[in-house]
Amino acid sequence: MTTLEKIGIQGVRSYCDERTETLEFYSPVTIIYGKNGSGKSTIIECLKVSCIGEFPTNAEKGKSFIHDPLVSNKMNVKGKIDLIKIWLLKLKVIKNKSKLKKNKYN
Ligand SMILES: Nc1ncnc2c1ncn2[C@@H]1O[C@H](COP(=O)(O)OP(=O)(O)OP(=O)(O)O)[C@@H](O)[C@H]1O
């Protein structure tokens, strides 16, 4: 059995590429709340990308999933998702790292 420890998100949708936002998960549940558009669904989508490598259906194979360079007035934006899972039975720490990249013109 694995449990989710924490996730770091940078350069994905409304999460800018200049710092990593880290979210810790708690037992038995973690409640994610916030205003509309604050990025709740993005956290869930990042978990999906990190765990099964699947982007949201409307994300053009990940292109529109990356923080829009026009929003930050940049040429390129790099995104990353770092997920730390703990495999309880074998006491093993699994780190999933997903790197994403987008430039202003694609
Ligand atoms: N590629 C992108 N670059 C920058 N910002 C983006 C990008 N794609 C979406 N956004 C912004 O991300 C926000 C949507 O994030 P998300 O859907 O995770 O929010 P939410 O908290 O789940 O909202 P709701 O409660 O309305 O479902 C919106 O503010 C949207 O403008």
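Every number for a ligand or one of its atoms is a count from 1 in the order of the listing.
Residue pairs meeting the salt bridge (charged side-chain N to carboxylate O under 4.0 Å, His left out) criterion with at least one partner in residues 33-56, sequence neighbours excluded, are Lys48-Glu54.
Some N or O of Gly39 is nearer than 3.5 Å to an N or O of ligand 1, by distance alone. For ligand 1, one of its N or O atoms has an N or O atom of Ile66 under 3.5 Å away.
Of all atoms in ligand 1, listed by their number and element, those nearer than 4.0 Å to a heavy atom of Thr42 are 15 (O), 16 (P), 18 (O). Close contacts between ligand 1 and Lys35 involve ligand atoms 21 (O) [criterion: under 4.0 Å to a heavy atom].
At a threshold of 4.5 Å between non-hydrogen side-chain atoms, the residues Val12 and Cys46 count as touching. Counting heavy atoms from C-beta on, the side chains of Arg13 and Pro56 come closer than 4.5 Å.
For atom 24 (P) of ligand 1, the nearest non-hydrogen atom from the set Asn58, Val12, Asn36 comes from Asn36. In this comparison of Ser14, Gly37, Gly11, the heavy atom closest to atom 11 (C) of ligand 1 sits on Ser14. With Lys63, Lys40, Arg13 as candidates, the residue nearest to atom 5 (N) of ligand 1 on a non-hydrogen basis is Arg13.
When all heavy atoms are compared, the tightest approach of Val77 to Pro69 is CG2-CA, 3.7 Å.
When each of Ile43, Leu47, Thr20 is tested with Ile9 by the rule side-chain contact (heavy atoms from CB on, under 4.5 Å), just one qualifies, namely Ile43.
Within the 4.0 Å heavy-atom shell around ligand 1 one does not find Gly34. Look at Glu45 and you'll find every heavy atom at least 4.0 Å from all atoms of ligand 1.
Residues satisfying the side chain to side chain contact (heavy atoms under 4.5 Å, CB included) criterion with Ser72, sequence neighbours excluded, are His67, Lys74.
Between Asp17 and Lys78, no side-chain nitrogen of the basic residue sits less than 4.0 Å from a carboxylate oxygen of the acidic one, so the salt-bridge criterion is not met.
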